[in-house]
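Let me begin by presenting the structure, written as structure tokens, before commenting on it.
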Amino acid sequence: MIHRKMLAALPAMLLTLASLVLAADSDAINLLKSTGALDRLAKESGVYNTSSTGKTPGFIVDPSFPQRLPHNWMIGQVGGLYVDKHDHIWIYQRPRTLTNDEAGLEGPAPGATNEKGQPVNGIGYARQYGTITDCCKAAPSVMEFDVDGKLLRAWGGPGDPGFLGGKCKADAGCIWPNSEHGIYVDQNDNVWISGNNAYNARTAAKSDPWTTNKEGGDGFILKFDMDGNFKMRIGGTPKGPASNDTNGGINGTPLLYLAADMVVDPATNRLYVADGYGNRRVLIVDANTGKYIGHFGAYGNNPVDDAGARAAGTWIDDAAKGNKKPAFFRNPVHCVKIADDGKIYVCDRGNDRIQVFDKNSPDLGKACSNPDGQPGKCGFVAERFVSDHTNIIGTAVSMNFSTDKAQSCLYIGDNANMAIYILNRSNLEELGRFGHSGRAPGEFHWTHQVSLDSKGNIYTAEVDTGKRIQKFLRFGATGCSGTGSTTVGGGLEK
């Protein structure tokens, strides 16, 4: 049920939304209002399962976001999304996930053929007769939007002709990943990206024209300026995980393996990396040099026990045996965020949980043993399981904070149950949630990223068949307060 206080604030929000979408057509606005379409939109995309003893912001989806793309461009799965200090929304999408019809305007790549000798386009689809439809073609991988959804900039990846070998030169150390994943824009407007494609000898030998990393797995992150000029690479192209590596990459930087997310602490200029789909750690490096500073696993443990984690199997199998506090991250370690008060939040998606650490702890990132998960040891603060009965792909996929001074709300995206939970950050109790499984506006299919602008509006990204980004307009409260449920997630219905 939506809070009555939220309902009271809805009319002004609905009018604003209608004005955004259809400002030039009053008849259309009146039709949407008179038919109840806007009310239904508010109900379907609003906050529900709210706590009677808590308070949260309200949200309604903006179905007009983003605006139509130019050049017949189509986006694929959206691996990364981040809102920068200018309130610009950056996405990092996967052009190689477009289907044959979605990439109908992608003609044959020069000299490329399939096993039948037919010309193919960059993604590998047959193009013996040229293009197959009137729309569309792959957009560049990195795209920047304003808050109204207007495209401002686009560059990078195989969908950007001339970029590879131009701004991204292999002899300068620039290797574009085979699968686009995380994106982050730091306080100095540097754009950081990662990849999460594992090495496979068979697929490497049969690569499509747009295969960009033929040496190994995506074991690196890249740093660019906002126009796509390459600045630095950290890591290399390993063929497997090594969660305790410190200097095996380019220029003595640590090797990563399928990194998912990253964040720079502006106070220390340290880069924290959720590393990732292959490794099982949070890596800490210098953001200027890329050199190793430290790393930690679950509960702050260092070194990380890769062999023990592999032997333990899946979270659901391990939990059934009674191990409800695994002393290691399970893949993927999917996000890392830093709050203004110095707490570090980590998405341990493979274990259906989040963990919280203290960046100011002198032990965090150093050799330290905390197998029992004692708070106050090795920099570990707290944890919260998220829909921990879930038996597919993991739940805690992304997190972010409300924009009030205390950052009192913690928003957690659930990749498996297609919802965003609203927690009181001070007690990690669920106060409400929004979204559920589906493909209509306000619904999700494989929620993947959550980020906020300065007004508290939430932006989300989806992978798999979702292939879209959405905007949820905030109204009412700016932060969270009160108590809720200590059980986050669960099979509750709207």
Residues Asp340, Lys405; criterion salt bridge (Lys or Arg N to Asp or Glu O under 4.0 Å); working and verdict: CA-CA 9 Å; Asp340 291 343; Lys405 186 176 181 180; over 6 Å; no
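- Checked against the 6.0 Å centroid criterion, the rings of Trp90 and Phe145 do not qualify as a close aromatic pair.
- The closest side-chain heavy-atom distance from Trp446 to Ile393 is below 4.5 Å.
- Side-chain atoms of Tyr411 never come within 3.5 Å of backbone atoms of Ile458 as a donor-acceptor pair (strictly under, hydrogens ignored).
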Chi angles and distances behind the side-chain contact (heavy atoms from CB on, under 4.5 Å) call for Val282, Val273: CA-CA 5 Å; Val282 173; Val273 184; over 6 Å; no
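- Seen from the ring of Tyr299, Arg353 counts as a face-on cation partner, given the 6.0 Å and 45° thresholds.
- The aromatic ring centres of Phe357 and Phe296 sit less than 6.0 Å apart.
- Residues Asp218 and Tyr277 fail the side-chain proximity criterion, which asks for heavy atoms closer than 4.5 Å.
- Judged by distance alone, the side chain of Ser398 and the main-chain N or O of Val450 form a donor-acceptor pair under 3.5 Å.
- In this structure, a donor-acceptor pair under 3.5 Å is present between the side chains of Glu144 and His88.
- Side chain to side chain, Tyr257 and Arg280 fail the donor-acceptor criterion of an N or O pair below 3.5 Å.
- The salt bridge (charged side-chain N to carboxylate O under 4.0 Å, His left out) test with Arg330 singles out one residue from Asp348, Asp306, Asp305, Asp318, and that residue is Asp318.
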Stepwise salt bridge (Lys or Arg N to Asp or Glu O under 4.0 Å) test for Glu180 and Arg96: CA-CA 9 Å; Glu180 293 84 355; Arg96 289 163 286 197; 3.0 Å; yes
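- Here the straight-line distance linking atom CG of Asn301 with atom SG of Cys378 works out to 6.0 Å at 0.5 Å rounding.
- Taking the centre of each ring, Phe472 and Phe434 come in below the 6.0 Å mark.
- Summarising the local packing, NZ of Lys239 is surrounded by more than 12 heavy atoms from other residues, nucleotides or ligands at distances under 6.0 Å.
- At a threshold of 4.0 Å, the pair Asp286-Lys291 does not count as salt-bridged, since none of the basic side-chain nitrogens sits closer than that to a carboxylate oxygen.
- Counted by atom type alone, Ser454 and Thr403 present zero donor-acceptor pairs between their side chains at under 3.5 Å.
- Using modelled atom types and a 3.5 Å distance limit, the side chains of Thr390 and Asn417 yield a donor-acceptor pair.
- A distance-only check finds a donor-acceptor pair linking the side chain of Glu429 to the backbone of Gly484 [under 3.5 Å].
- Aromatic ring orientation, His448 versus His181: perpendicular (interplanar angle above 60°, classes split at 30° and 60°).
- Contact annotation: the side chain of Val263 never approaches that of Leu271 to less than 4.5 Å [non-hydrogen atoms, C-beta and beyond].
- The distance between the ring centers of Tyr459 and Phe65 falls below 6.0 angstrom.
- With no hydrogens or angles considered, no side-chain donor-acceptor pair links Thr395 and Asp414 at under 3.5 Å.
- Of the N and O atoms on the side chains of His436 and Tyr48, not one donor lies less than 3.5 Å from an acceptor on the other residue.
- The backbone N or O of Phe385 lies less than 3.5 Å from no partner atom in the side chain of Asp352, so there is not a single donor-acceptor pair.
- Tested against Asp265, the residues Arg270, Lys343, Lys359 include a single salt bridge (charged side-chain N to carboxylate O under 4.0 Å, His left out) partner, Lys359.
- Side-chain atoms of Thr253 do not come within 3.5 Å of backbone N or O of Ile234 as any donor-acceptor pair.
- Around the CD atom of Glu215, the shell of radius 6.0 Å holds no more than 12 heavy atoms that belong to other residues, nucleotides or ligands.
- Although no hydrogens or angles enter the test, the distance criterion places a donor-acceptor pair under 3.5 Å between the side chain of Gln449 and the main chain of Gly79.
- Between the side chains of Asp317 and Thr314, at least one donor N or O lies within less than 3.5 Å of an accepting N or O.
- Figure legend: Lys231 and Phe224 shown without cation-pi pairing, the cationic atom not lying both under 6.0 angstrom from the six-membered ring centre and within 45 degrees of its axis.
- Annotation: disulfide (SG to SG under 2.5 Å) contacts involving residues 315-366, sequence neighbours excluded, comprise Cys335-Cys347.
- In this structure, Lys366 contributes its side chain and Asn302 its backbone to no donor-acceptor pair below 3.5 Å.
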